[in-house]
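Here's the structure we're looking at; comments come further down.
Quick note: residue numbers are just sequence positions, from 1.
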Amino acid sequence: MTDQANSAGSGAGSAIRVLLADDEEMIRHGIRLILRHVDGIEVVGEAVNGAEAVRLAAEHRPDVVLLDIRMPVLDGLAAIEPLVALDPGPQVVMLTTFGDDENVTRALRAGATGFLLKDEGSQELIRAVRAAAAGDAVLSPGVTGTVIRRMLSGGGAGAAAPESRVAGLTGREREVLVMLGEGISNPEIGRRLGIGVGTVKSHVRSILEKTGCGSRVQAGMLAHQAGLMG
């Protein structure tokens with residue numbers, strides 16, 4: 001990570017609990033140094049492989065897991081599903097030095113919140129942690145192009161026609177899906193619709209189940225593919 005950390009944090013509410021998982025000690029050290037000076041963010045554990053990440057996540061119940069793709073014992077891609085299956089499950093942000101199509105697609109299908117390149121600056125890292133904790137998609141600019149290409153090509157979102165996949169949604173779920181397509185956070189969706197964040201999360205879970213999407217990023221892509229964005 002580059003740049004210097006900004007110590008100005010949100011300072012409101014309980015701290016965002018973060019688990020780091022990377023087999024490179026220098027990477028973990030750099031991320032920890034950045035986040036330790038940010039109000040409202042707390043690093044609750046560090047793992048050197050995916051298996052340890054799952055164990056520590058079950059123990060410490062982090063809100064966000066920053067997960068390297070390539071690790072020994074159990075790699076990051078294989079660790080996503082057991083992590084998001086925890087109750088409550090953390091938001092998983094993949095850390096990588098590259099953003100190839102295959103890894104992006106596999107991670108999003110497995111339920112990752114998004115991707116962050118390791119060479120992003122400290123401010124981008126802090127924003128990513130806060131966005132993930134709020135339930136927002138996190139996509140590094142270096143990865144966004146890959147996702148857009150996949151969306152435009154119709155890849156990575158399932159074989160069924162987009163229109164048929166959204167046919168079973170209720171009217172309210174369609175409203176929420178459109179807002180996912182706009183990249184709007186759960187709190188903002190709640191404000192726009194006059195409902196609580198917990199209700200928004202319930203709608204998002206229902207949308208993912210009904211459409212077969214693995215993450216809100218995929219759901220946002222589906223909203224565009226199904227022609228719901230106006």
Under 6.0 Å from the NE2 atom of His29, do we count more than 12 heavy atoms belonging to anything else shown?
no
Determine whether more than 12 heavy atoms belonging to other residues, nucleotides or ligands lie under 6.0 Å from atom CD of Glu42.
yes
Show me the side-chain donor-acceptor pairs of residues 186-198 shorter than 3.5 Å, one per line, residues at least two apart or across chains.
from   : atom 1 : to     : atom 2 : distance (Å)
Asn186 : OD1    : Arg216 : NH1    : 2.8
Asn186 : OD1    : Arg216 : NH2    : 3.3
Glu188 : OE1    : Arg191 : NE     : 3.0
Glu188 : OE1    : Arg191 : NH2    : 2.9
Glu188 : OE2    : Arg192 : NE     : 3.4
Arg192 : NH1    : Glu182 : OE1    : 3.3

Which value, rounded to the nearest 0.5 Å, describes the distance between Leu95 atom CG and Asp119 atom CG?
11.0 Å
When you compare the side chain of Arg174 with that of Leu169, does any pair of heavy atoms fall below 4.5 Å?
yes
For Arg32, I'd like to know if atom CZ has over 12 heavy atoms of other residues, nucleotides or ligands within 6.0 Å.
yes
Ile41: side chain to side chain contact (heavy atoms under 4.5 Å, CB included) partners, not counting sequence neighbours
Ile16, Val18, Leu35, Val38, Ile126, Val129, Arg130
Val84: what forms a side chain to side chain contact (heavy atoms under 4.5 Å, CB included) with it, not counting sequence neighbours?
Ile80, Val92
Would you check if Leu222 and Arg165 make a side-chain contact, meaning some heavy-atom pair closer than 4.5 Å?
yes
Going by an N to O cut-off under 4.0 Å, is there a salt bridge joining Lys118 and Asp68?
yes
Can you name the closest pair of heavy atoms from Ala219 and Leu177 and give their distance?
O-CD1, 3.2 Å
According to a 4.5 Å side-chain heavy-atom criterion applied to Ile, Leu, Val, Met, Phe, Trp and Tyr, with indirect links allowed, do Ile27 and Leu20 form part of one hydrophobic cluster?
yes
Indicate yes or no for a side-chain donor-acceptor contact from Glu173 to the backbone of Thr170 under 3.5 Å, with no hydrogens or angles considered.
yes
Is any side-chain heavy atom of Pro62 less than 4.5 Å from a side-chain heavy atom of Val44?
yes
So do Asp23 and Pro72 actually touch side chain to side chain, heavy atoms under 4.5 Å?
yes
Over all heavy atoms of both residues, which pair between Gly181 and Ala223 is shortest? Give the atoms and the distance, please.
CA-CB, 4.2 Å
Gap between atom CD1 of Ile69 and atom CE of Met71 - 0.5 Å precision
9.5 Å
Using a 4.5 Å cut-off on heavy atoms from C-beta on, say whether the side chain of Gln91 contacts that of Asp63.
no
Suppose we screen for side chain to side chain contact (heavy atoms under 4.5 Å, CB included). Which residues come up paired with Pro82, at least two apart in sequence or across chains?
Val54
At what distance, to the nearest 0.5 angstrom, does CD of Glu124 lie from CD1 of Ile34?
11.5 Å
Can you get from Leu208 to Leu180 by hopping between Ile, Leu, Val, Met, Phe, Trp and Tyr side chains that sit under 4.5 Å apart?
yes
Test your reading of the model: is there a side-chain donor-acceptor pair from Arg28 to the backbone of Asp22, 3.5 Å cut-off?
yes
Using the side chain to side chain donor-acceptor pair (under 3.5 Å) criterion, which residues pair with Glu175? Sequence neighbours excluded.
Arg172
Mind checking whether Met229 and Val176 sit in one hydrophobic cluster, side chains of I, L, V, M, F, W, Y counted as touching below 4.5 Å?
yes
Looking only at heavy atoms, which two atoms of Ala112 and Met94 are closest? And how far apart?
CB-CG, 4.0 Å
Minimum heavy-atom separation for Arg61 to Pro88, with atom names?
NH1-O, 4.0 Å
Set of side chain to side chain contact (heavy atoms under 4.5 Å, CB included) partners for Ala58, sequence neighbours left out:
Leu86
Heavy-atom pair with the smallest gap, counting every atom of Ala51 and Asn49
N-OD1, 3.1 Å
Could you tell me if the side chain of Val138 sits less than 4.5 Å from the side chain of Phe115, heavy atoms only?
no
Would you name the heavy atoms of Leu116 and Ala128 that are closest together and state the gap between them?
CD2-CB, 4.1 Å
Please tell me whether Leu67 and Val48 are part of a single hydrophobic cluster in this structure, the criterion being side-chain heavy atoms less than 4.5 Å apart.
no
I need the Glu163 CD to Leu228 CG distance, nearest 0.5 Å.
8.5 Å
Would you say the side chain of Leu66 lies within less than 4.5 Å of the side chain of Leu19, judging by non-hydrogen atoms?
no
